[in-house]
Asker: 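Okay, handing you the structure first.
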Amino acid sequence: MAIRVYDSLTRQTRPFEPRVAGRVSIYTCGVTPYDQSHVGHARPAVVWDAIRRHLMRRGYLVTFVQNFTDIDDKLIRRAAELGRPVEDLARQFILEYDRLMEQLSVMPPDFAPQVTENIDTIVAYIQRLVDGGGAYAAEGSVYFRVKSDPEYGKLSGRKLDEMLEGVRVELEPEKEYPGDFALWKAARPGEPAWPSPWGEGRPGWHIECSAMSQRYLGDTFDMHGGGMDLLFPHHENERAQSRAYLGHEAVNLWVHNGLITRGGVKMSKSLKNGITMAQLLERYSGHVLRTYLLSVHYRKPLDFEGQHLDAWQTGLERIYRLWQDVEAAPAAGAIVAADWVESLIHFEERFLAAMDDDFNTAKAFGELFDMVTAAHRGIDAGYADLAKGLARRNLLAADQVLRFLPDRTESGDGALAEVLLTRRNQARKQKNFALADALRDTLIEAGYEVLDGPEGTRIHRLPQ
RNA sequence: GGCGACGUAGCCAAGUGGUAAGGCAGGGGUCUGCAAAACCCCUAUGCCCCGGUUCGAAUCCGGGCGUCGCCUCCA
């Protein structure tokens, strides 16, 4: 029953033991709000949302922090292109991101710190690194002394000197060592800048996460998340800073999600093969996108192609149909002995066991589909009340963690639809099948599913 | 070039020593006026290839082939 989690640092799946009993603290790297959000932003957000919900389901009190990098080179460049203030641009895309998260049913973080609101904390953090010898000032900037950390490279699995062979172009001659990275960048004319002991400037990219994670979560916290592409250099540098600052590890478990691919190739800025979430939401509902992101284990690459999404949506609709069938069902009464009853009764423990195993949402969905089949078997076997009651309970249990159920189901009781349905029933009784079929087509065109069954005809809409 | 990950049916995808989950697509049936939905049965004697360890391997080890990623902004 213990939760097991894969740790990128030790490259092992380890039992999860929270630092403080009953509580879990999590920090994940958020986005730089300089452009529209794409699927690559959505995946970690949705994955961590499922992880949070599962930990909560298991009784933990979760504190979740996710930052916004609201000052950096990309943002400055983009703002200059558009002739708009950096903070203005950042505010716009932060709002858009938040709205997107809502559509994906992602809970807001407990804290969403922004770099520009934490400059003092960051400056103090850097100062202590300088005082401790882990960093040095040079020409108005401050650099981290990478060689001061004997374990530098361990997280991303590389050796420092090998890494620097040939490839790196030396842009900052004031560095002691080419691998050193900026904690504080001296201001260039026209850029946003803040005062510091080393002159006007702004934070480097990596320092914010060390400073802010520790500000909001304390000296050690349980899990640190982010995309695989952040392993190096971002998280490697972050780890080095935090170790230099604290004298020990800040992070218990490093958790990295796999990347999104398109036709098997990584989606990236430089390849310009990204899809924005806005584009996707024109074709698919937030629930379809969310669950598709959870249909594959979080550490595996995920291919985002329309044909795969369509296939997934078809499967999800089967779950929706069952939900509409059982949504109003009363709790199950007397139990009978049958395979499908066993399946329905033990569903939740199997589901939670899948989630306990390194948050295996793919397997959890497999269990869910099994449960759907078992429920239908029960219904077909003549135990509709029992099967529906159990299925309802199970769907709600799974939904607590995965969040796939439609917010509300539109029932087929629209006045016009009811009239058409009544007339079709009359036509069928009179064996006027041509008219009956025409009326059915009309209903289908209006977006309804028409389900004829032994207890009469039902119509409903699938949520979209 | 260095380091790392992965290779499971037509497609997507779980499974890290005990005899291949699940989804989509496809075939056959039941039900139905017909269809849809649902249910039942079928669809990988085999998990990239070749060796090895083991009573037993998709799972461990060695070699090969292939794909992808990181080393540069990226979630």
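First the proteins, then the strands, lettered A, B, ... as listed; each starts at 1.
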Asker: Please give the nucleotide sitting opposite B:A21 as a Watson-Crick or G-U wobble pair, both distances under 3.5 Å, or none.
Answerer: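 Result: none.
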Asker: Take atom CG of A:Asp325 and atom C1' of B:A36, then tell me their distance rounded to the nearest Å.
Answerer: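 The distance from CG of A:Asp325 to C1' of B:A36 comes to 14 Å, rounded to the nearest Å.
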Asker: For RNA chain B, which residues in residues 428-437 of chain A have a heavy atom at a distance below 4.0 Å?
Answerer: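 Correct list: A:Arg428, A:Phe433, A:Asp437.
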Asker: What residues, two or more places apart in sequence or in another chain, satisfy ring pair (Phe, Tyr, Trp, His ring centres under 6.0 Å) together with A:His41?
Answerer: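 Result, ring pair (Phe, Tyr, Trp, His ring centres under 6.0 Å) vs A:His41: A:His38.
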Asker: Starting at CD of A:Glu449 and ending at P of B:A36, how long is that distance when rounded to a whole Å?
Answerer: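 So the CD-P distance, A:Glu449 to B:A36, works out to 12 Å.
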Asker: Going by an N to O cut-off under 4.0 Å, is there a salt bridge joining A:Arg77 and A:Glu81?
Answerer: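 No, this pair does not count.
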Asker: Check the pair A:Glu102, A:Arg99 against salt bridge (Lys or Arg N to Asp or Glu O under 4.0 Å), reporting the backbone distance first and the verdict last.
Answerer: CA-CA 5 Å; A:Glu102 215 177 303; A:Arg99 205 173 310 137; over 6 Å; no
Asker: With a 3.5 Å cut-off and just heavy-atom distances, do the side chain of A:Asp452 and the base of B:A37 make a donor-acceptor pair?
Answerer: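 No such pair is found, so the answer is no.
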Asker: Taking the same atom, C1', in B:G1 and in B:U53, what whole-Å distance lies between them?
Answerer: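 It comes out at 34 Å once rounded to the nearest Å.
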Asker: When both hydrogen-bonding distances must be under 3.5 Å and the geometry is Watson-Crick or G-U wobble, what is B:A44 paired with, if anything?
Answerer: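 No nucleotide pairs with B:A44.
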Asker: Rounding to the closest angstrom, what is the interatomic distance between B:G66 and B:U8 at atom C1'?
Answerer: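 Between the two C1' atoms, the distance is 15 Å.
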Asker: Please give, in whole Å, the distance from B:U72 P to A:Glu236 CD?
Answerer: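 Roughly 13 Å, once rounded to whole Å.
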Asker: In whole angstrom, give the distance that lies between atom CG of A:Leu322 and atom P of B:A37.
Answerer: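 Distance, rounded to whole Å: 15 Å.
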Asker: What residues, two or more places apart in sequence or in another chain, satisfy salt bridge (charged side-chain N to carboxylate O under 4.0 Å, His left out) together with A:Asp98?
Answerer: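 A:Asp98 satisfies salt bridge (charged side-chain N to carboxylate O under 4.0 Å, His left out) with no residue once adjacent residues are dropped.
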Asker: Please state the P separation for the pair B:G10 and B:U16 - nearest whole angstrom.
Answerer: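 Comparing P positions in B:G10 and B:U16 gives a spacing of 24 Å.
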Asker: Write down the distance separating the C1' atoms in B:G62 and B:A57, rounded off to the nearest Å.
Answerer: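 Result for the C1' pair: 15 Å, nearest Å.
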Asker: So what's B:U30 paired with, Watson-Crick or G-U wobble, going by both distances under 3.5 Å?
Answerer: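 Result: B:A38.
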Asker: Could you tell me the Watson-Crick or G-U partner of B:G51, where both distances fall under 3.5 Å? Say none if there is no partner.
Answerer: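 Per the H-bond distance test, B:C61.
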Asker: Tell me, please, which residues at least two apart from A:Asn257 pass side chain to side chain contact (heavy atoms under 4.5 Å, CB included).
Answerer: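 Applying side chain to side chain contact (heavy atoms under 4.5 Å, CB included) to A:Asn257 gives A:Arg43, A:Pro44, A:Tyr298.
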Asker: Indicate, with a heavy-atom threshold strictly under 4.0 Å, whether A:Val450 touches base, sugar-phosphate, or nothing.
Answerer: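 Touches a base.
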Asker: Can you sort out the partners of A:Gln36 under side chain to side chain contact (heavy atoms under 4.5 Å, CB included), two or more places apart, ordered by chain and number?
Answerer: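 Result, side chain to side chain contact (heavy atoms under 4.5 Å, CB included) vs A:Gln36: A:Phe93, A:Glu96, A:Thr276, A:Ala278.
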Asker: Applying a 4.0 Å non-hydrogen cut-off, can you work out what A:Arg377 is touching in the nucleic acid: base, sugar-phosphate, or nothing?
Answerer: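 A:Arg377: backbone/sugar contact only, no base atoms under 4.0 Å.
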Asker: For a quick check of understanding: with a heavy-atom distance under 4.0 Å over all strands, which category does A:Ile444 fall into, base, sugar-phosphate or nothing?
Answerer: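 Nothing, no nucleic acid heavy atom in range.
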Asker: By ring pair (Phe, Tyr, Trp, His ring centres under 6.0 Å), which residues pair with A:Phe16, not counting sequence neighbours?
Answerer: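 A:Tyr60.
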Asker: Hey, does the side chain of A:His376 come within less than 4.0 Å of B:A38's phosphate (OP1/OP2), counting only N and O?
Answerer: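 Indeed not, no polar side-chain atom of A:His376 lies that close.
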Asker: Let me know which of A:Tyr284, A:Phe404, A:Phe365 forms a ring-ring contact (aromatic ring centres under 6.0 Å, His included) with A:Trp312.
Answerer: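 Of the listed residues A:Tyr284, A:Phe404, A:Phe365, the ring-ring contact (aromatic ring centres under 6.0 Å, His included) partner of A:Trp312 is A:Phe365.
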Asker: Select base, sugar-phosphate, or nothing to describe what A:Gly30 touches, counting heavy atoms under 4.0 Å on all strands.
Answerer: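 Sugar-phosphate contact only - A:Gly30 comes under 4.0 Å of backbone atoms but never of a base.
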Asker: Listed in order of residue number, which residues of residues 378-404 of chain A have a non-hydrogen atom at under 4.0 Å from RNA chain B?
Answerer: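 When residues 378-404 of chain A is checked for heavy atoms under 4.0 Å from RNA chain B, the hits, listed by number, are A:Asp380.
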Asker: Under 3.5 Å, is there a donor on one side chain and an acceptor on the other for A:Asp110 and A:Tyr216?
Answerer: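 Absent: no donor and acceptor within the cut-off.
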Asker: Restricting both atoms to N or O, compile the protein contacts to nucleotides 3-7 of chain B shorter than 3.5 Å, with distance only.
Answerer:
from	atom 1	to	atom 2	distance (Å)
B:C3	O2'	A:Gly157	O	2.6

Asker: Just call it for A:Leu230: base, sugar-phosphate, or nothing, with non-hydrogen atoms closer than 4.0 Å on any strand.
Answerer: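 Since only primed, P, OP1 and OP2 atoms lie under 4.0 Å of A:Leu230, the category is sugar-phosphate.
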Asker: Would you please name every residue forming a side chain to side chain contact (heavy atoms under 4.5 Å, CB included) with A:His297, sequence neighbours left out?
Answerer: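 With sequence neighbours excluded, A:His297 shows a side chain to side chain contact (heavy atoms under 4.5 Å, CB included) to A:Arg299, A:Lys300, A:Asp358, A:Asn360, given in chain and number order.
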Asker: Output one letter per nucleotide in nucleotides 18-29 of chain B: B when a protein non-hydrogen atom lies under 4.0 Å from the base, S when only the sugar-phosphate is that close, - when neither is.
Answerer: ---BSSSS----
Asker: Count the heavy atoms belonging to other residues, nucleotides or ligands that lie under 6.0 Å from CZ of A:Arg423, then report whether that count exceeds 12.
Answerer: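 Open: at most 12 neighbouring heavy atoms sit under 6.0 Å from CZ of A:Arg423.
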Asker: Relative to the ring of A:Phe359, is the ring of A:His54 parallel (under 30°), tilted (30 to 60°) or perpendicular (over 60°)?
Answerer: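 The arrangement is perpendicular - the two ring planes meet at more than 60°.
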Asker: Return the 5'-most residue of the pair A:Arg321, A:His234 with respect to RNA chain B, ranking by each residue's nearest nucleotide.
Answerer: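 Upstream on the strand: A:Arg321.
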Asker: Which base, if any, makes a Watson-Crick or G-U wobble pair with B:G1, both distances under 3.5 Å?
Answerer: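 B:G1 is paired with B:C71.
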Asker: Listed by chain and number, what are the side chain to side chain contact (heavy atoms under 4.5 Å, CB included) partners of A:His376, not counting sequence neighbours?
Answerer: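 So A:His376 forms a side chain to side chain contact (heavy atoms under 4.5 Å, CB included) with A:Leu322, A:Val372, A:Ile379.
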Asker: Between B:C12 atom C1' and A:Leu294 atom CG, what is the distance in whole Å?
Answerer: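 Result: 15 Å.
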Asker: So which one's nearest nucleotide on RNA chain B is more toward 5', A:Gly227 or A:Thr261?
Answerer: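 It is A:Thr261 whose nearest nucleotide is closer to the 5' end.
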Asker: Hey, do the aromatic rings of A:His235 and A:His256 have their centres closer than 6.0 Å?
Answerer: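 Here the rings of A:His256 and A:His235 have centres that are less than 6.0 Å from each other.
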Asker: A:Glu449 pairs by salt bridge (charged side-chain N to carboxylate O under 4.0 Å, His left out) with which of A:Arg440, A:Arg321, A:Arg318, A:Arg458?
Answerer: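 Testing A:Glu449 for a salt bridge (charged side-chain N to carboxylate O under 4.0 Å, His left out) against A:Arg440, A:Arg321, A:Arg318, A:Arg458 leaves exactly one candidate, A:Arg321.
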Asker: Over all strands shown, is A:Arg262 touching base, sugar-phosphate only, or nothing at heavy-atom distances under 4.0 angstrom?
Answerer: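 Result for A:Arg262 = nothing.
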Asker: Rounding to a whole Å, what distance do you find between A:Asn425:CG and B:G33:P?
Answerer: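 Atom-to-atom, A:Asn425 to B:G33, this comes out as 13 Å.
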Asker: Write out all pairs satisfying side chain to side chain donor-acceptor pair (under 3.5 Å) with one or both partners inside residues 380-390 of chain A, taking only residues at least two apart or from two chains.
Answerer: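 Counting only pairs at least two positions apart or across chains, no side chain to side chain donor-acceptor pair (under 3.5 Å) contact touches residues 380-390 of chain A.
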